[in-house]
Enquirer: 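Questions regarding the structure given below will be posed in turn.
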Amino acid sequence: MELPMLHKDEEAILSLRALYERYGYRKYKMSKFEEYDFYARNKSFLQSGSILTFSDLSGRLMALKPDVTLSIVKNAVGSGTEKLYYNENVYRAVGQEFREIMQVGLECIGPLDRYASAEVAWLAEESLRTIGGAYILDLSHVGMCAGLLEETGLPEEERQDLADRISEKNTAGLRERCDRLQVSADLTDRLTSLAELYGPFEEVWPAARALSVNDTTDGALEELSELYEILRLLGGGDHVNLDFSLRGDMSYYSGVIFQGFIEGLPRAVLTGGQYDNLLHRMGREDGAIGFAVSMGLLERLGSGDASYDVDTLVRYDAGTAPSVLAETVRRLAAEGRSLRVIRTEEEPVTARETITLTGGGRA
Amino acid sequence: MTDYVNIALPKGRLGEKAYALFERIGFACPDILEENRRLIFENEANRVRYFWAKPADVAIYVERGAADIGVVGKDILLEQEPDVYELLDLGIGKCRMAVAGPRGADRRTDRTLRVATKFPNIARNYYASQSREIEIIKLNGSIEIAPLVELSDVIVDIVETGKTLKENGLEPLADVVPISARLIANKAGYRFKHRRIESMLEQMRALVAEN
């Protein structure tokens, strides 16, 4: 069914749900809050530290969900692979204030294999295609950056500082620090190239290959290449780029990272990746991979013809017979047009067409 | 709008120097230097659009995608920490962020140090790295007056030649960080206009290396 009056974000929610259902993902509906203690224990897995709290009727400290993934992982206790999707509001501090952010996303939790990861990457790409317009899905793997930084032999704090510069693609800052920390010239060049490397997967693959230095980076590249191969077989991969500067929080993500962009929107609308560490933290051996689409951003995308409020404006005066008015309204609505009925003395809204009814008939 | 590369330049001397760099790598827009009140300039032939913004606002235009790339001082980047790519040190607008005050003003470690500055984030980070207890006094200009009228003990501000400090009986006490202009890019714009931005960057890098 065509629903032309829907906003881009509303339309996207419906088509994304249809997409995930088609691939056998089950909807997961959750409560709006959890005990605060749960988030306090898992704080390192939250993107923003600020949590909106309140006391429930028995005095327990509760929190409005700042994150969906944590709750899903906690509750997905089934054996085998769980494939779930959600459409939920989360509450996070953005700048100086709390915001309600609507997210649609999916998680695949269980003994992951190459296909399962590739299927999630494919659904990430399909999600972007479904939303519409030109899109780019960027792929990365935490192992590339981590593997190269391992070789520097520097302490954690300095590695994090170098990783920050890589995520800014700040090669000047990166070189300056490498110089100061006496990182070898070869490794400095590799780190710089890693920060700069960007482009279509197949085109920049040889350059990525050339950066590999150890088992960690070899492993990361192998996983990426297998994932891309399956992604291709599933019919995707056309707008997939490699970018190792993607900011993957290294304690959260443990493997592949995705970020999706849609032309016309200033930030990534889709973020995700593999996050086995969180499962290990919750005492599970398995892996998990997923992504979330930030729906609020989609409001900015154009939808339909914004120059009119309605298709047809129906104006009537005191003399108009109610039966004539009702008949006209019924006919127009049946034609599928949007309309607004007002009295002639009221301020008109903008419409493609205006019908004025006076007395017993049409003027 | 989409096939143009939108470039935000800081109004003033730094912006003019930055424009000169763009001009030398073939992205001229002749009417930009005319004396008038227009703020947006386009060149249809090479698909670039420049606009002048308040220097402290350039990073905001770029972060939110109103501009694809922009030129901004490192001081602004450190202060605002915008979510953008920092692609190149343009080597222009060089100066330093420094602590200044009357001689010896920062040596009184037995009490809270009062710091007047336009850059509270930078000042806080700098003193946090020294675990020093400070009180930040955010001012919007004429920072040098603060120690003279006993509003603060020291100031954290940009120092170019040190002349203003000297004339007011102040001196630089410690360097915080060197400053210069940076070429920044919006994270989405960088992706969708990658080839054009990359080729601009390549030429700009060569030009900066020459200078």
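All chains are named by letter (A, B, ...) in the order of the sequence lines, taking the proteins before the strands, and each is independently numbered beginning at 1. The analysis underlying the following values was restricted to heavy atoms, covering all of them including side chains, and did not include hydrogens, waters or symmetry mates.
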Enquirer: Check each of A:Val240, A:Asn241, A:Ile257, A:Leu246 against A:Leu139 using the side-chain contact (heavy atoms from CB on, under 4.5 Å) test, and report the only one that passes.
Expert: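 For A:Leu139, the side-chain contact (heavy atoms from CB on, under 4.5 Å) check succeeds only for A:Val240.
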
Enquirer: Please state whether the side chain, the backbone, both or neither of B:Glu198 comes within less than 4.5 Å of a heavy atom of chain A.
Expert: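 Neither part.
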
Enquirer: Can you say whether A:Ala134 sits under 4.5 Å from chain B via the side chain, the backbone, both, or neither, judging by heavy atoms?
Expert: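 Both backbone and side chain of A:Ala134 come within 4.5 Å of chain B.
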
Enquirer: Of all of A:Glu168, A:Lys169, A:Arg165, which one pairs up most often with chain B through heavy atoms under 4.5 Å apart?
Expert: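 Top count of heavy-atom pairs under 4.5 Å with chain B: A:Lys169.
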
Enquirer: Just checking, is any N or O donor in the side chain of A:Asp138 or A:Tyr198 under 3.5 Å from an acceptor N or O on the other one?
Expert: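 Judged by distance alone, the side chains do pair up.
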
Enquirer: Does a donor on one side chain sit under 3.5 Å from an acceptor on the other, for B:Asp89 and B:Ser180?
Expert: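 Distance-only check passes for B:Asp89 and B:Ser180.
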
Enquirer: Kindly determine whether A:Ser245 and A:Asp243 satisfy side chain to side chain donor-acceptor pair (under 3.5 Å), including the steps that lead there.
Expert: CA-CA 5 Å; A:Ser245 78; A:Asp243 183 356; 2.8 Å; yes

Enquirer: So for B:Arg64, is it side chain, backbone, both, or neither that comes closer than 4.5 Å to the heavy atoms of chain A?
Expert: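 Backbone only.
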
Enquirer: Name the member of B:Lys74, B:Arg191, B:Lys187 that forms the most heavy-atom pairs with chain A at distances under 4.5 Å.
Expert: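 Winner by heavy-atom pair count: B:Arg191.
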
Enquirer: Let me see the working for B:Tyr61 and B:Phe51 under ring-ring contact (aromatic ring centres under 6.0 Å, His included), right down to the final yes or no.
Expert: CA-CA 10 Å; B:Tyr61 283 92; B:Phe51 57 86; 5.4 Å; yes

